[in-house]
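Quick notes on the structure that follows.
Throughout, a chain's letter reflects where its sequence line sits, starting with A, and its residues are numbered from 1. These figures come from a predicted structure and were not determined experimentally.
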Protein chains: 2
Amino acid sequence: MSADIQTAPTLRDDETLDDTTAGGSSTLHDNLLAGLRAMFMASELPDGSRIPEAELCQRFGVSRTPLREALKVMAAEGFVILRPNRGAIVAPIDPEEVGPLYEFKGALERLIGLTAAERATDEEIAALEVLHLQLNEALSASRHDDYTHLNYRFHRGLAQATRNPLLIQNYETVQQRIWRYRFLVNEHDRRLQQSFAEHERILTALKARTPLDLAERLESHSRLTGQAMLAVVASRKLETASENANKRRAPARRSPNPIDTEQA
Amino acid sequence: MSADIQTAPTLRDDETLDDTTAGGSSTLHDNLLAGLRAMFMASELPDGSRIPEAELCQRFGVSRTPLREALKVMAAEGFVILRPNRGAIVAPIDPEEVGPLYEFKGALERLIGLTAAERATDEEIAALEVLHLQLNEALSASRHDDYTHLNYRFHRGLAQATRNPLLIQNYETVQQRIWRYRFLVNEHDRRLQQSFAEHERILTALKARTPLDLAERLESHSRLTGQAMLAVVASRKLETASENANKRRAPARRSPNPIDTEQA
DNA sequence: TACTGCTATTTTGCATTCAAAATCTCGCTA
DNA sequence: TAGCGAGATTTTGAATGCAAAATAGCAGTA
């Protein structure tokens, strides 16, 4: 009866940590939720766009009932906005939410640092080191997209090392919400170099298992990234302020203009 | 067209801060969600008990569809556990989750302290002072239940002063999840006295608008409460460990045995 | 041509229905 | 009497149906 023991205590790559359905036997609803989340992570749906129930039903091959259930959950998590009688839309990209998002994330990072330093297993630390090496490779090769993905996994791994399910879940959600704004900072080499240097120190603190130190470095890392994003948002805002004098209904769309401000 | 301006900037008492449906026109689903949350706050459903869809449908006068939608959301928030094909149950009281819950809450408290100290309006501070006075009255009169409710509102008010919607929402959820465990500490006068003293210092720091100080006091206040609960949990566990040698399926039910350990 | 108001179509919210799964009932056997 | 199993009943998960709301289309007017 016992499942095979080959479940190594390393960082799993993709998983839908949905603690809501005990047992794990997949209901249609849960698969849908996973599928939708994947779509969001892949940025398949343009932000602000209406979510056509019918279309998605087709795509996933289900009826409207389970789809709508999934959308309600996504709405509760902030990825979707439900307008009564007017359909669901992908939560619009809103520069205003970057601040609160990072402020909140900072608090979680700190807790992650405090607890992961003490609770991470040696295996987990080793796995994080591997990720760190891959991060370095991606950076050297200027594979920015890889870097971003690896970075995501690195921080998720750290969160998981805390053993606090509530923290893990909430951190994951925040990460996913921030994911949509990554274009604000992604392609910029300078910030990436800096970010990697911060990771270096993070890993050091983790290996030293010094909670306060790790907490401080994680929080700071997050804050710096957030500030970099906000700087872009701010410049973007100034830039579009004049343009939008005539053209209504144009909420700061993405364009290749990431970061070139000082980061401190 | 403009609604009346009489919406004073004080702390509102009861509200269902559900940012998920923009606009605010109530859908059945949302009312349901509010109703269910109210039921949970009122502890109307015994923990671990099955949630009879049919019954609740009757009670709320709706069909199963919107009810199930609401349950999915509650499940995502951790109040309900969905067992595929076997119905939903009220998330069982689990002493194991008190630790993670408070650990997480601590991180939020800290952020609340840091930000509320700077962002609270004078009106909000005044409103919190009023609550504080009422808290005092309740304590003096040994109206413990009132105290607990006022305490809930006090901390919610503080959270709202941060102006961070994400923080406000998550804090509210955590508060609600902890609410179910309040019996572990509630009726005990000693902890209440201590708690009130801590509030005194919190309010002082808030009025002085000293972020680090307020953060430290809030975090500490939360930690102490959490520790008090955990102490009860621990003693409860010891106590029932022997009893449960024979009687299976008895997950530490409530009984009048709150706190008498040192709190520090 | 730009705007208003009316009708047709689509989309949404919810109720109902239906098949599959789980639970219960009760007789049978050891 | 305790344990087991086949069938009936209940409950769940999901599809479908239906009324209300919103949207689109279009004719008429200024």
Side-chain angles (χ1 to χ4, degrees), chain A residues 1 16 18-37 45-46 48-76 79-92 246-249, chain B residues 1 16 18-36 45-46 48-76 79-92 246 248-249:
Chain A
M1 265 326 172
T16 343
D18 242 314
D19 227 41
T20 78
T21 62
S25 69
S26 60
T27 62
L28 198 36
H29 162 87
D30 285 305
N31 296 345
L32 253 186
L33 210 49
L36 281 179
R37 281 195 224 282
L45 305 163
S49 68
R50 289 186 70 232
I51 298 176
E53 282 187 9
E55 215 165 279
L56 285 184
C57 286
Q58 275 224 313
R59 164 157 185 165
F60 287 104
V62 299
S63 74
R64 285 175 55 219
T65 308
L67 181 78
R68 298 183 91 251
E69 288 174 354
L71 285 179
K72 298 268 161 146
V73 174
M74 298 285 285
F79 296 102
V80 159
I81 293 190
L82 262 31
R83 302 163 309 167
N85 287 316
R86 310 192 52 243
I89 61 174
V90 180
N246 39 0
K247 185 176 59 175
R248 280 272 57 188
R249 192 66 278 170
Chain B
M1 262 332 170
T16 343
D18 243 313
D19 228 43
T20 78
T21 62
S25 69
S26 60
T27 62
L28 235 191
H29 161 87
D30 286 304
N31 296 344
L32 254 186
L33 210 49
L36 281 179
L45 305 164
S49 67
R50 289 185 73 245
I51 298 177
E53 282 187 7
E55 214 165 280
L56 285 183
C57 286
Q58 276 224 314
R59 165 159 182 161
F60 288 103
V62 300
S63 77
R64 285 174 56 220
T65 309
L67 181 78
R68 299 183 90 252
E69 287 174 356
L71 285 179
K72 299 265 161 146
V73 174
M74 298 285 285
F79 296 103
V80 159
I81 293 190
L82 262 31
R83 303 162 310 167
N85 285 317
R86 309 192 54 244
I89 61 173
V90 180
N246 39 0
R248 280 273 56 186
R249 192 66 280 171

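If you check distances only, the side chain of A/S63 never reaches the base of D/dA14 with a donor-acceptor pair under 3.5 Å.
Computed from coordinates, the A/E53 CD to D/dA14 C1' distance equals 15 Å when rounded to whole Å. In this structure, NE2 of B/H29 is placed 19 Å from P of D/dA21, rounded to the nearest angstrom. Remark: C1' of C/dT11 and CD of A/E55 are 13 Å apart, rounded to the nearest angstrom. Rounded to an integer number of Å, the gap from B/E69 CD to C/dC14 C1' is 8 Å. At whole-Å resolution of the value, CG in B/N85 and C1' in D/dT11 are 10 Å apart. Look at CG on B/L82: it is 17 Å from P on D/dT11, rounded to the nearest Å. What separates CZ of A/R64 from C1' of C/dA15 is a distance of 12 Å, to the nearest Å. Straight-line distance from the CG atom of B/L32 to the P atom of C/dA15: 9 Å, rounded to whole Å.
A/R86 has no side-chain polar atom (N or O) that falls below the 4.0 Å cut-off from OP1 or OP2 of C/dT12. For the pair A/R50 and C/dT12, the criterion of a side-chain N or O lying under 4.0 Å from OP1 or OP2 is met.
Minimum heavy-atom separation, A/L36 to A/A70: CD1-CB, 3.8 Å. Here the closest non-hydrogen pair linking A/A75 and A/L82 is CB-CD2, 3.7 Å. Heavy-atom minimum distance, A/A88 versus A/V80: CB-CG1, 3.9 Å. The minimum heavy-atom distance between A/I89 and A/I51, with the atom names listed, is C-CD1, 3.8 Å.
Mapping A/A88 and A/T65 onto DNA chain C by nearest heavy atom places A/A88 at the nucleotide closer to the 5' end.
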